[in-house]
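Within every chain, numbering begins at 1; the chains are lettered A, B, ... in the order of the sequence lines, protein sequences first and strands thereafter. All of these numbers come straight from a predicted model, not from anything done at the bench.
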2 protein chains.
Amino acid sequence: MSPERNQDVDPRLTIYSGLSANERARLDSLVTRRRVEAGAYLFHQHTPARSVHMLEEGMMMMERSSSTGRRQVMAFMHPGNLIGINYREHYEFTVSALRPSLVRDIPLKPFIALQDEVPQLKDNVRSISGNILAHTLDQVFALGQKKAHERVCFLLKQLSSWQPSASAHRLELAMTRQDIADYLGLTIETVSRAFGKLKREGIINIHSAHTVEILDRATMNELALAD
Amino acid sequence: MSPERNQDVDPRLTIYSGLSANERARLDSLVTRRRVEAGAYLFHQHTPARSVHMLEEGMMMMERSSSTGRRQVMAFMHPGNLIGINYREHYEFTVSALRPSLVRDIPLKPFIALQDEVPQLKDNVRSISGNILAHTLDQVFALGQKKAHERVCFLLKQLSSWQPSASAHRLELAMTRQDIADYLGLTIETVSRAFGKLKREGIINIHSAHTVEILDRATMNELALAD
DNA sequence: CGCCCTATTGAGACTTGTCAAGTCGGGTGG
DNA sequence: CCACCCGACTTGACAAGTCTCAATAGGGCG
């Protein structure tokens, strides 16, 4: 995220934020829960979109792939995130679980209707849409302007901002190097070398391929925002 | 734009689409018109957002710049486009005119209120928000996966899709090479070389720096979508 | 223990960025 | 009307960054 915006974004905003107990109950009455095992799909690109989804537990990944087979990972999703909100007739991306996940499905039509009756819910959806766009604009900025190791810091910063406590220095990466490469517009080799560079420079420590420790958060943030 | 989506996107959708005469009049009653001369600003990053804007005539450019001075152009805007719709407290980008432009300002609060009374308007805004996100995702795809000359084709394809007739082969580029470079995440030199390469290969002809002719649209489209 | 998948590392090719020089064209002043 | 000037664009040579291909290392699981 860019420094210019962080102050007025609450990434923890969910559709439930600020609702009364009664309003929550009305929203909950629409919800059905669903488990998605690691590696399984929540939905596929080009299938009809009839629900929005809220990730309750676990971690998911949103990707788009083209006819020629290459793919771009658009986002990694954390508990509380709303999925498929900028709906059209069909989903425009595929969402799959990186970890065993629990998802709330909310049928589109009643969800829209409820927004008309609960202004706070409508505001939440609006804000969340804004957050999604802002996230995507950050990604455009990163892909357009940053070098490989800066992009990796950009990702690490995003992931660590979802950690329960900001002081947690240990990060569990649920995704593969290929997922990271496809998110950052790089190859796995370049991602690997970028990790190596950050380790050599004492900014992170790599315990295993999927466990990194942030040693110098200030420098990491600086690199993440560099452009 | 990706081929997967083109069928269900109408880029000409505006907030007025499908409104009755009466509804149009109610919307128009909120509107004030404003001229913005070429090079002037519609609004700046970090200023309070109190209106949305619809470009009526001309061409504008949306950009974001960072504290370290580098900038990313997020979009080039054409007549009918809605500007500043994913509002927050403050604008997150700067919008300026590339050509003398005419803009409709619509105060935010009554605009939101009117959406509650005119469902078609609400649907239009929703769809337009979706189009904006889709456009941004396309840009992520382009910056993440495409080579320089493919990115240039990506831009040419976008611009030509706004031409009045699809068969018009002559394109007027209102923006500078620097604007193009900042949009595509390249340098002006690389953009210039990419144009040269496309010309050498007979895909385009360059009459002047700001006038290109599309000679082989099929190949251009293919390159634009390549990934 | 060994297999398989993933990740790392290395060498060389290709693409893009950087720096510098040169060209083009529109606008101004003589 | 022409010459000059200035900004924008192009082109060239080289450096830096990233990709590709190939070989090696590591970790999880049967």
Side-chain angles (χ1 to χ4, degrees), chain A residues 38-39 61 68-73 98-100 142-156 171-201 204-213 223 226-227, chain B residues 38-39 61 68-73 98-99 142-156 171-201 204-212 223 226-227:
Chain A
M61 174 174 64
T68 56
R70 227 141 107 194
R71 71 174 194 155
Q72 174 72 43
V73 172
L98 290 170
R99 292 186 176 134
L143 297 188
Q145 314 278 101
K146 295 190 217 293
K147 299 198 186 313
H149 68 284
E150 293 169 338
R151 296 189 202 181
V152 168
C153 286
F154 168 77
L155 170 65
L156 292 177
L171 264 183
E172 291 296 325
L173 306 180
M175 66 294 290
T176 67
R177 290 289 187 272
Q178 187 65 60
D179 296 333
I180 295 175
D182 290 343
Y183 180 64
L184 299 176
L186 300 168
T187 60
I188 52 173
E189 294 95 332
T190 301
V191 170
S192 195
R193 280 185 254 268
F195 272 112
K197 177 185 170 81
L198 294 173
K199 177 174 181 169
R200 270 195 312 281
E201 295 179 351
I204 63 172
N205 198 359
I206 302 173
H207 296 271
S208 77
H210 293 274
T211 311
V212 297
E213 184 186 359
L223 289 170
D227 46 318
Chain B
M61 174 174 66
T68 56
R70 227 141 108 195
R71 70 174 197 157
Q72 175 71 43
V73 172
L98 289 170
R99 291 185 177 136
L143 297 189
Q145 314 278 108
K146 295 191 215 297
K147 297 198 189 309
H149 67 284
E150 294 169 338
R151 296 189 203 181
V152 169
C153 287
F154 168 77
L155 170 65
L156 292 178
L171 264 184
E172 291 297 325
L173 306 180
M175 66 293 290
T176 67
R177 291 289 188 273
Q178 187 65 60
D179 295 333
I180 295 175
D182 289 343
Y183 180 63
L184 299 175
L186 299 168
T187 59
I188 52 174
E189 293 95 333
T190 301
V191 170
S192 192
R193 280 185 255 267
F195 272 111
K197 177 185 170 83
L198 295 173
K199 177 175 183 168
R200 269 196 313 280
E201 294 178 353
I204 64 173
N205 198 0
I206 302 173
H207 296 270
S208 76
H210 293 273
T211 312
V212 298
L223 288 170
D227 44 318

| message | Does A/Ser208 reach a base, just sugar-phosphate, or nothing at all? Heavy atoms under 4.0 Å. | response | nothing
| request: Return yes if some donor-acceptor pair links the side-chain N/O of B/Glu201 with the main-chain N/O of B/Leu198 below 3.5 Å, else return no. | output: no
| Interatomic distance where NZ belongs to A/Lys199 and C1' belongs to C/dA7 [whole Å] | 13 Å
| query | Which whole-number value in Å describes the distance from A/Lys197 NZ to D/dG17 P? | reply | 7 Å
| said: For B/Ala38, is there any backbone N or O sitting under 3.5 Å from a side-chain donor or acceptor partner on B/Arg99? | reply: no
| Are B/Glu189 and B/Arg193 close enough, and set up right, to give a salt bridge (Lys or Arg N to Asp or Glu O under 4.0 Å), and what steps lead you there? | CA-CA 6 Å; B/Glu189 293 95 333; B/Arg193 280 185 255 267; 5.8 Å; no
| query | B/Asp182 has an atom CG; how far is it from atom C1' of C/dT16, in whole Å? | reply | 15 Å
| query | Is A/Gln145 reaching over with its side chain to a backbone N or O of B/Arg71, donor-acceptor style, under 3.5 angstrom? | reply | yes
| message | Pairing donors with acceptors under 3.5 angstrom, does anything connect the side chains of A/His210 and A/Glu172? | response | no
Find every protein N or O atom lying less than 3.5 Å from an N or O atom of nucleotides 18-23 of chain D, and list the pairs.
unit_1: D/dT18; atom_1: OP1; unit_2: A/Ala148; atom_2: N; d: 2.9
unit_1: D/dC19; atom_1: OP2; unit_2: A/Thr187; atom_2: N; d: 3.4
unit_1: D/dC19; atom_1: OP2; unit_2: A/Thr187; atom_2: OG1; d: 3.2
unit_1: D/dC19; atom_1: OP2; unit_2: A/Thr190; atom_2: OG1; d: 2.4
unit_1: D/dT20; atom_1: O4; unit_2: A/Arg193; atom_2: NH2; d: 2.9
unit_1: D/dC21; atom_1: N4; unit_2: A/Glu189; atom_2: OE2; d: 3.0

| message | Let me spell it out: for each of B/Ile206 and A/His207, pick the nucleotide of DNA chain D with the closest heavy atom. Which residue's pick is nearer the 5' end? | response | B/Ile206
| Intermediate values then yes/no, salt bridge (Lys or Arg N to Asp or Glu O under 4.0 Å), A/Arg177 and A/Asp182 | CA-CA 9 Å; A/Arg177 290 289 187 272; A/Asp182 290 343; over 6 Å; no
| How close or far is atom C1' of C/dT16 from atom CG of A/Leu143, stated in whole angstroms? | 16 Å
| task | On DNA chain C, check which nucleotide each of A/Gly144 and A/Ile188 is closest to and give me the residue with the more 5' one. | result | A/Ile188
| query | Counting only N and O atoms by type, is there a donor-acceptor contact under 3.5 Å from the side chain of A/Glu213 to the main-chain atoms of A/Leu171? | reply | no
| message | How many whole angstroms separate atom CZ of A/Arg177 from atom P of D/dG26? | response | 15 Å
| field | Between C1' of D/dG17 and CD of A/Gln145, the distance in whole Å | value | 16 Å
| remark: note: A/Met175, atom CE; C/dT6, atom C1'; distance rounded to Å ~ 15 Å
| said: In this structure, how many angstroms lie between the C1' atom of C/dA7 and the CD1 atom of A/Ile180, rounded? | reply: 11 Å
